[in-house]
Amino acid sequence: MTALHIWNTKTRRKEKFVPLNPENVRLYVCGPTVYDRAHIGNARPAVTFDIVYRLFQYLYGKENVTYVRNITDIDDKINNRAKGVRADGDKRDLISIIKSITDETIGWYHEDMYSLGNLAPTHEPRATDYIPQMISMIKDILYNGNGYVVEGHVLFDVSSFPQYGYLARRNLETMKAGARVEVAPYKKNDLDFVLWKPSSGDLPGWASPWGRGRPGWHIECSAMSSELLGPTFDLHGGGSDLCFPHHENELAQSNAVYPKEEFSRYWMHNGMIRVNGQKMAKSLGNFFTIKDLMDKGISGEVIRLVMLGTHYRSEIDWTDNKVHEATEIVARWRRILSTTSDLEPGMDPDFMEAVCNDFNIPKGLSRLHELARREELDSLFGSLSLLGLESLCEQEINALVNSNLDTTEFTDCLVQILEYREECRKTRDFTKADEIRDSLSEAGVLLQDQSAGELPKWQLDNNFNPEMLESLKSRYEDGI
């Protein structure tokens with residue numbers, strides 16, 4: 001079996017991945033702050049670490065991998081949205097409004113992640129469910145001399161942790177000199193960060209030894225990861241924008257509580273996303289959510305493939321051209337895989353070698369193009385499944401089992417009809433295209449149109465009639 005090597009942010013070198021326990025491989029990834037729809041920047045770490053999760057499952061067995069991706073459901077942006085709802089006349093208490101907002105947003109996030117082909121993590125803890133664990137960790141930090149209390153705030157004392165800055169390779173004096181934000185006067189050190197802060201009456205809060213308040217952002221992940229994975233686990237992931245200060249602070253406070261533990265042994269960080277060479281921003285008009293893309297007819301498979309086309313550590317430049325190329329590739333692979341119903345998922349060794357070399361997915365995709373040309377469909381199917389693109393061959397043909405129609409003949413027949421319908425759509429003969437769709441529906445074949453140039457997904461219902469399908473093909477024989 002090919003050994004997995006990853007670039008470890010902590011050591012700044014590529015290392016062989018060796019889990020603490022192959023029967024209990026543990027992965028933690030910083031998840032979303034749920035105040036609005038997920039945008040493509042939010043989606044990239046979800047896709048990146050979904051691949052990591054899938055590979056771990058393949059290498060060590062599904063039952064031996066635990067994947068935790070947290071949800072931050074207490075945050076100033078969430079609080080501000082809740083205040084706006086109350087200002088509009090909602091009479092509910094703030095906590096109820098916040099829960100309503102976050103429940104809805106979490107639902108949107110799940111829909112979006114599912115549409116991109118991401119597996120659900122093993123655990124998806126909400127920060128507000130782990131307040132007692134956070135308070136307990138803060139008590140330990142204070143007891144061990146790594147924090148202090150001032151004006152209702154509890155802060156981590158960076159000067160008490162000599163290794164601070166190691167993960168992000170930042171020098172303390174340089175960081176102080178480069179600080180751009182106004183430093184709170186009660187801080188001993190410019191870089192000291194909040195573990196607990198007081199809440200006024202118009203903000204959510206919990207009882208604590210330091211008064212009614214709420215946790216700082218960084219302590220959330222330390223509490224949830226230690227509770228669900230233990231004080232030392234295998235791999236911590238997230239976007240490169242989180243390396244400092246979030247992950248640096250996580251590491252410092254976790255080591256302060258568990259000084260004899262390593263926290264995470266490996267760290268992985270994915271690059272950011274730009275749009276047409278520019279930073280994504282609403283003010284530039286180049287900011288879009290997953291739903292925005294889906295509403296434009298760009299499928300989840302296409303979005304995922306665009307992201308996989310760039311190495312995870314590199315910055316993605318999202319362009320219309322990349323979307324167009326991915327759309328054509330998805331359509332081509334779907335057509336190829338639809339020619340058979342007897343696929344036995346295999347795994348191509350050259351593809352695996354690329355993936356296990358620090359997740360070199362772009363090189364792996366090049367190998368998949370070769371497999372497609374050679375019609376090595378079992379290996380193509382298995383490799384696509386590892387990439388979360390198994391939906392490209394999810395064609396429902398169970399209804400054929402009790403019919404006399406050969407499955408190969410069926411798929412050939414259907415693909416020819418769909419290709420003819422696609423030509424009608426290209427020539428804007430929508431009347432004919434709709435007629436074909438309706439006729440297929442009568443035959444028990446239901447269509448779900450995809451983006452332009454891509455054949456629709458299809459499934460069979462209980463009324464499937466193969467003879468009607470053959471009749472339909474004959475009606476359009478000349479066009480086909």
Side-chain angles (χ1 to χ4, degrees), residues 4 6-10 17 19-20 24-34 38-60 62 64-73 75 105-106 109-110 112-114 116-127 129-130 167-168 217-251 254 262-273 290 304 307-308 311-313 316 358-359 361 386-388:
L4 171 62
I6 65 170
W7 179 269
N8 189 351
T9 304
K10 183 165 66 173
F17 178 78
L20 283 165
N24 185 20
V25 184
R26 288 159 286 171
L27 164 68
Y28 185 91
V29 175
C30 292
T33 299
V34 286
H39 55 72
I40 56 172
N42 303 135
R44 193 180 190 194
V47 170
T48 296
F49 293 101
D50 182 66
I51 300 295
V52 176
Y53 182 36
R54 288 170 180 269
L55 183 61
F56 281 179
Q57 288 183 326
Y58 179 81
L59 295 175
Y60 304 106
K62 291 183 179 181
N64 297 325
V65 181
T66 302
Y67 174 22
V68 177
R69 184 182 66 207
N70 79 292
I71 289 176
T72 296
D73 60 346
D75 175 84
T105 311
I106 290 170
Y109 183 78
H110 288 161
D112 292 339
M113 295 307 104
Y114 177 76
L116 299 182
N118 293 319
L119 301 174
T122 315
H123 302 287
E124 196 173 43
R126 295 172 65 144
D129 291 334
Y130 287 78
L167 179 65
W217 174 34
H218 313 297
I219 195 68
E220 297 175 10
C221 288
S222 288
M224 288 183 278
S225 64
S226 63
E227 179 74 12
L228 295 170
L229 299 176
T232 299
F233 52 93
D234 294 298
L235 193 149
H236 195 314
S240 58
D241 58 327
L242 298 181
C243 188
F244 186 88
H246 184 50
H247 290 167
E248 193 74 58
N249 293 351
E250 273 190 73
L251 178 60
S254 295
E262 193 175 357
F263 190 44
S264 179
R265 301 176 65 239
Y266 301 85
W267 292 79
M268 286 177 63
H269 292 91
N270 63 269
M272 298 293 97
I273 292 184
I290 302 305
R304 188 178 184 93
M307 293 189 177
L308 296 179
H311 191 273
Y312 79 90
R313 284 193 284 117
I316 291 178
D358 192 32
F359 298 92
I361 307 299
L386 186 65
L387 296 183

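Every value quoted in this text rests on a predicted model; they were computed, and no experiment measured them. What you see below is based on every heavy atom in this structure, not just the backbone, and it leaves out hydrogens, waters and symmetry mates.
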Residue of the set Ser226, Ser225, Ser222, Ser264 for which side chain to side chain donor-acceptor pair (under 3.5 Å) holds with Ser254: Ser222
From Asp50 atom CG to Leu387 atom CG, the distance as rounded to the nearest 0.5 Å: 10.0 Å
From CA spacing to verdict: side chain to side chain contact (heavy atoms under 4.5 Å, CB included), Phe56, Leu235: CA-CA 11 Å; Phe56 281 179; Leu235 193 149; 4.1 Å; yes
Check: Leu308 and Ile51 side chains under 4.5 Å, non-hydrogen atoms: yes
Criterion side chain to side chain contact (heavy atoms under 4.5 Å, CB included) on Asn42 and His39, from CA distance to verdict: CA-CA 5 Å; Asn42 303 135; His39 55 72; 3.1 Å; yes
side-chain hydrogen bond (donor to acceptor under 3.5 Å, both in side chains) between Asn118 and Arg304, intermediate numbers included: CA-CA 9 Å; Asn118 293 319; Arg304 188 178 184 93; 2.8 Å; yes
Donor-acceptor contact below 3.5 Å, side chain Asn64 vs main chain Asn24: no
Heavy-atom side-chain proximity of Thr72 to Trp217 below 4.5 angstrom: yes
Ring-ring centroid check Phe263 Tyr28, cutoff 6.0 Å: no
Distance, nearest 0.5 Å, that separates CH2 of Trp267 from OG1 of Thr9: 8.5 Å
Minimum heavy-atom distance Asp73-Arg126, with the two atoms named: OD2-NE, 3.1 Å
Phe49 side chain near Arg69 side chain, heavy-atom distance below 4.5 Å: no
Considering all heavy atoms, the nearest Thr232-Arg26 contact: O-NH1, 3.2 Å
Pairing residues for Asp112 by the side chain to side chain contact (heavy atoms under 4.5 Å, CB included) criterion, not counting sequence neighbours: Arg37, Ala38, Ile290
Smallest separation among heavy atoms of Ala168 and Glu248, with atom names: N-OE1, 2.8 Å
Heavy-atom closest pair, residues Asp234 and Pro19: OD1-CA, 3.2 Å
Identified side chain to side chain donor-acceptor pair (under 3.5 Å) counterpart of His269 within the set His236, His247, Arg313: His247
Separation of Leu27 CG from Leu229 CG (nearest 0.5 Å): 8.0 Å
Check: Asn70 side chain, Pro125 main-chain N or O, donor-acceptor pair, under 3.5 Å: no
From CG (Leu119) to OH (Tyr114), nearest 0.5 Å: 10.5 Å
Nearest heavy-atom neighbours spanning Trp7 and Asp358: N-OD1, 3.0 Å
Interatomic distance, Arg265 atom CZ to Leu20 atom CG [nearest 0.5 angstrom]: 4.0 Å
Between CD on residue Glu262 and CG on residue Leu251, distance to nearest 0.5 Å: 9.5 Å
Trace of the side chain to side chain contact (heavy atoms under 4.5 Å, CB included) decision for Phe359 with Ile6: CA-CA 7 Å; Phe359 298 92; Ile6 65 170; 3.6 Å; yes
Contact check, side chains of Val29 and Tyr67, non-hydrogen atoms, under 4.5 Å: yes
Steps toward side chain to side chain contact (heavy atoms under 4.5 Å, CB included) verdict (Leu116, Val47): CA-CA 8 Å; Leu116 299 182; Val47 170; 4.3 Å; yes
Shortest non-hydrogen contact between Met307 and Ile273, atoms and distance: CE-CD1, 4.1 Å
